[in-house]
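Quick note on labels: first sequence line is chain A, next is B, and so on, each numbered from 1.
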Protein chains: 2
Amino acid sequence: MTSKSLHGEIENRLVEHELRYTSARKSVVAALITSDGPLSASELHDEFGGSVPLSSIYRSLVVLEETGILAPHLGTKGLTRYELAEWLRGHHHHFVCIDCGAVEDVAVDDTHERSVDAMVNEISSRVAFTPINHALEIEGRCARCA
Amino acid sequence: MTSKSLHGEIENRLVEHELRYTSARKSVVAALITSDGPLSASELHDEFGGSVPLSSIYRSLVVLEETGILAPHLGTKGLTRYELAEWLRGHHHHFVCIDCGAVEDVAVDDTHERSVDAMVNEISSRVAFTPINHALEIEGRCARCA
DNA sequence: TTCCTTGCAAACGATTTGCATTGGA
DNA sequence: TCCAATGCAAATCGTTTGCAAGGAA
């Protein structure tokens, strides 16, 4: 999906909810399209050189999450990072550096993904839990920290 | 491993570090041995009916993590839950409820675990990243929230 | 006695919210 | 025009820390 069509999809989604695709929201989305991993509010704030106030970034993140455009990344201590939802960005997993905390996306080929899917379904069928999604976090050291 | 031998292993580990296995630390460990998933500081605080001050719980968690007895579960927004480290509790994965945030342990059989291992190694070999551990989080709804 | 540990309260960092103002359809 | 969205500052929430008192070796 091109960056342009992504913005279009997102604008549609917001309009369906009677919300506007404002410049703050566009900035957040644009940064996340470019980024190679999820970003936190303060990382976005830095990315914008402080031009967008933190409170506006937080409010944008709330709205974009509520409308299913962004998803929180469950993988960092003490802060929340966000990324584009799967329908926009495709399924993938993460590397998480145990030293510097950086998070990087990683693509997974179909063969492996199918075996993970099978495993998730098999496991969930044994307990009272309805699986909706899964996330494989690979913890280790990134090139810089190794 | 029995609960008794767990406490013994843990006490040894602390003594090696010239630290004491105090009652606050014992309470935290005991609660995590019993729990069917990782717990946060405030969940532990509730568990103890407020008898152990939050600051002591936090300090216990820090010490127990530094000595490799507990591992943080990087999960839900804004708070950190802890669980016994793998050498005490064995490898497993998690169900995370997207509504209430509850986290529950789930065992994985060897066959499936081997395929996840293979996948992690394969993926990591393609990029400059040294894998140390991995966590498969299955997101969905728990019985109560379904 | 010595030093680790605790309890309380104040300090902190990330996130949220009240309110008056701005801005987009 | 009208109401969503913003900016600022104050409030909250989870977590950390300084310091004096308590407790185990």
Atom CD of Glu18(B) to atom P of dT2(C): distance rounded to whole Å?
-> 17 Å

Spacing between Ile57(A) atom CD1 and dA5(D) atom P, to the nearest angstrom | 17 Å

Counting heavy atoms not belonging to Arg144(A), are there more than 12 under 6.0 Å from its CZ?
-> no

What is the distance from NE2 of His45(A) to C1' of dG7(D), rounded to the nearest Å?
-> 11 Å

How are the rings of His94(A) and His73(A) set to each other: parallel, tilted or perpendicular (split at 30° and 60°)?
-> perpendicular

Hey, is the side chain of Arg59(A) pairing donor to acceptor with the base of dG18(C) inside 3.5 Å?
-> yes

Of the listed nucleotides dG7(D), dT15(D), dT17(D), the one nearest the side chain of Ser55(A) | dG7(D)

Nucleotide nearest Arg20(A) (side chain, heavy atoms from C-beta), chosen from dT6(C), dG24(C), dT16(C) = dG24(C)

Proximity to the side chain of Leu54(B) - top-ranked nucleotide from dG7(D), dT15(D), dA24(D) | dT15(D)

Rounded to whole Å, CG of Leu79(A) lies from C1' of dC12(C) at a distance of 15 Å

Glu104(B): what forms a side-chain hydrogen bond (donor to acceptor under 3.5 Å, both in side chains) with it, not counting sequence neighbours?
-> none

Distance in angstrom units between Leu61(A) CG and dT17(C) C1', rounded | 16 Å

What integer distance in Å separates Glu11(A):CD from dA25(C):P?
-> 8 Å

In terms of side-chain geometry, is the basic nitrogen of Glu122(B) or Arg126(B) positioned less than 4.0 Å from the acidic oxygen of its partner?
-> yes

Provide, to the nearest angstrom, the distance between the NE2 atom belonging to His17(B) and the P atom belonging to dT5(C).
-> 12 Å

Which of these nucleotides, dT17(C), dG7(C), dT6(D), is closest to any side-chain atom of Arg25(A)?
-> dT6(D)

Side chain to side chain contact (heavy atoms under 4.5 Å, CB included) partners for Ser125(A), two or more places apart | none

Compare side-chain N and O positions of Ser40(B) against OP1 and OP2 of dG14(D) and report whether any pair is under 4.0 Å apart.
-> no

Indicate, with a heavy-atom threshold strictly under 4.0 Å, whether Thr22(A) touches base, sugar-phosphate, or nothing.
-> sugar-phosphate

For Val62(A) and for Leu19(B), locate the closest nucleotide of DNA chain C by heavy-atom distance; then report the residue assigned to the nucleotide nearer the 5' terminus.
-> Leu19(B)

Whole angstrom is fine here: how far is it from OH in Tyr58(A) over to P in dG13(C)?
-> 13 Å

